[in-house]
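Starting from 1, each residue takes its place in the sequence as its number.
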Amino acid sequence: MALLAAPVRAEAQKVSVGTNLLDYADLATLNLETSFALARHWSLSVDAKYNPFTFHKDGGQMQRRQQSYSVGCRWWAWYVWSGWWTASALKYQEYSWGGIGRTVAEEGDRLGASFYAGYSYMLGPHLNLDMSLGFFTGLKWYSVYSCPTCGVLLDKGMKFFILPDNIRLALDVIF
């Protein structure tokens with residue numbers, strides 16, 4: 001009977017939805033991340049990126065087409081959505097890049113893990129500025145072509161990779 005009289009505190013599950021502003025500068029890559037608070041120091045995140053665009057300039061073409069999906073968790077030093085954090089995620093990416101800084105084009109699939117760290121600055125009760133930097137590593141299955149439009153195959157195979165990842169300056173809305 002004493003348990004029924006005890007005060008009970010009910011809380012709604014907190015969710016955040018955010019977008020990385022820097023991805024839009026990367027040839028208009030659309031992106032969305034949703035996070036769910038699991039405990040005081042832990043959150044689960046699901047991320048998707050999509051870029052179907054090809055740009056034409058001076059008779060050439062440049063592209064950073066991709067679709068990328070990841071699921072991971074963050075550990076927060078203080079509280080979820082406040083302050084410093086570290087994270088890891090499993091990630092899959094299908095990509096087709098070329099015409100940017102070099103004449104060759106590469107396309108393929110990548111599968112691996114991302115490791116990154118960052119800081120969330122609270123702009124208001126329901127709005128954060130999220131910053132991070134990390135790397136993506138794993139295996140890639142790829143084809144390299146002599147140019148983005150000609151289709152002459154130069155190389156094909158599978159190999160280990162490590163790339164910068166989650167270069168993030170994002171706005172997150174917290175519900």
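In the hydrophobic cluster analysis, where Ile, Leu, Val, Met, Phe, Trp and Tyr join through side-chain heavy atoms closer than 4.5 angstrom, Leu123 is grouped together with Met131. Residues Tyr24 and Leu32 do not share a hydrophobic cluster, clusters being chains of Ile/Leu/Val/Met/Phe/Trp/Tyr side chains in contact below 4.5 Å. In the hydrophobic clustering of this structure, Leu169 groups with Leu127; members are Ile, Leu, Val, Met, Phe, Trp, Tyr whose side-chain heavy atoms approach within less than 4.5 Å, directly or through other members. Hydrophobic clustering, with ILVMFWY side chains joined whenever heavy atoms are under 4.5 angstrom apart, groups Leu171 together with Ile167. Val80 and Val173 fall into different hydrophobic clusters, defined by Ile, Leu, Val, Met, Phe, Trp and Tyr side-chain heavy atoms under 4.5 Å apart, directly or through other members.
A donor-acceptor contact shorter than 3.5 Å is absent between the side chain of Ser70 and the backbone of Ala89. No side-chain donor-acceptor contact under 3.5 Å links Asn128 to the backbone of Asp130. The backbone N or O of Trp76 lies less than 3.5 Å from a partner atom in the side chain of His41, making a donor-acceptor pair. Remark: side-chain polar atoms of Ser82 are not paired, donor with acceptor, to backbone N or O of Tyr79 under 3.5 angstrom.
Interatomic distance, Gln66 CD to Tyr50 OH, rounded to the nearest 0.5 Å: 11.0 Å. Atoms OH and SG, on Tyr145 and Cys150 in that order, are 10.0 Å from each other to the nearest 0.5 Å. Interatomic distance, Phe53 CZ to Arg64 CZ, rounded to the nearest 0.5 Å: 14.0 Å. Leu38 CG to Arg74 CZ: the interatomic distance, rounded to the nearest 0.5 Å, is 12.5 Å. Taken to the nearest 0.5 Å, the CD atom of Glu94 stands 10.5 Å off from the OG atom of Ser68.
Cation-pi geometry between Arg110 and Tyr92 is not satisfied (NZ or CZ under 6.0 Å from the ring centre, within 45° of the ring normal).
By the 4.5 Å heavy-atom criterion applied to side chains, Leu153 and Val144 are not counted as neighbours. Counting heavy atoms from C-beta on, the side chains of Met158 and Tyr142 never come closer than 4.5 Å. Between Ile100 and Leu27 there is a side-chain heavy-atom pair separated by less than 4.5 Å. Contact annotation: the side chain of Thr137 never approaches that of Leu163 to less than 4.5 Å [non-hydrogen atoms, C-beta and beyond]. Between Arg168 and Leu22 there is no side-chain heavy-atom pair separated by less than 4.5 Å.
Sequence neighbours left out, the pairs with a member in residues 34-57 that pass salt bridge (Lys or Arg N to Asp or Glu O under 4.0 Å) are Asp23-Lys49. Contacts classified as ring pair (Phe, Tyr, Trp, His ring centres under 6.0 Å) and involving residues 105-132 (residues at least two apart or in different chains) are given here: Trp84-Tyr119, Trp85-Tyr116, Phe115-Phe135.
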Practice prompt. Show your reasoning for whether salt bridge (charged side-chain N to carboxylate O under 4.0 Å, His left out) applies to Glu106 and Lys156.
Written response: CA-CA 9 Å; Glu106 182 178 323; Lys156 185 175 187 169; over 6 Å; no

Item to complete: Take Ile174 and Val17 through the test side-chain contact (heavy atoms from CB on, under 4.5 Å) and record every step on the way to the result.
Response: CA-CA 7 Å; Ile174 303 162; Val17 176; over 6 Å; no

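The two residues Pro148 and Gly99 make their nearest non-hydrogen contact at CG-N, 3.5 Å. The heavy-atom pair separating Asn31 from Thr29 by the smallest distance is ND2-O, 3.4 Å. Summarising the geometry of Ser146 relative to Leu154, their closest heavy-atom pair is CA-CD1, 3.6 Å, with the distance given to 0.1 Å. Residue Asn51 comes nearest to Ala28 through the heavy atom pair ND2-C, 3.9 Å, listed as atom of the first residue, atom of the second, then distance. Taking all atoms of both residues into account, the shortest heavy-atom contact from Asp165 to Ser114 is OD2-OG, 2.7 Å. For the pair Gly18 and Asp172, the tightest heavy-atom approach, listed with the atom from each and the gap, is CA-OD1, 3.1 Å.
Listed by chain and number, the residues in a side-chain hydrogen bond (donor to acceptor under 3.5 Å, both in side chains) with Arg65 are Thr54, Gln63, Ser96 (sequence neighbours excluded). With sequence neighbours left out, Asp109 forms a salt bridge (charged side-chain N to carboxylate O under 4.0 Å, His left out) with no residue at all. Qualifying side chain to side chain contact (heavy atoms under 4.5 Å, CB included) partners for Ser35, counting only residues two or more places apart in sequence or in other chains: Ser16, Glu33, Ser45, Trp81. Applying the ring pair (Phe, Tyr, Trp, His ring centres under 6.0 Å) rule to Phe136 yields the partners Phe161; only residues at least two apart in sequence or on another chain are considered.
Ion pairing between Lys159 and Asp155 fails under the 4.0 Å rule for side-chain N and carboxylate O.
Side-chain N/O atoms of Gln93 and Tyr69 include no donor and acceptor closer than 3.5 Å.
Other residues, nucleotides and ligands place more than 12 heavy atoms under 6.0 Å from the CH2 atom of Trp141.
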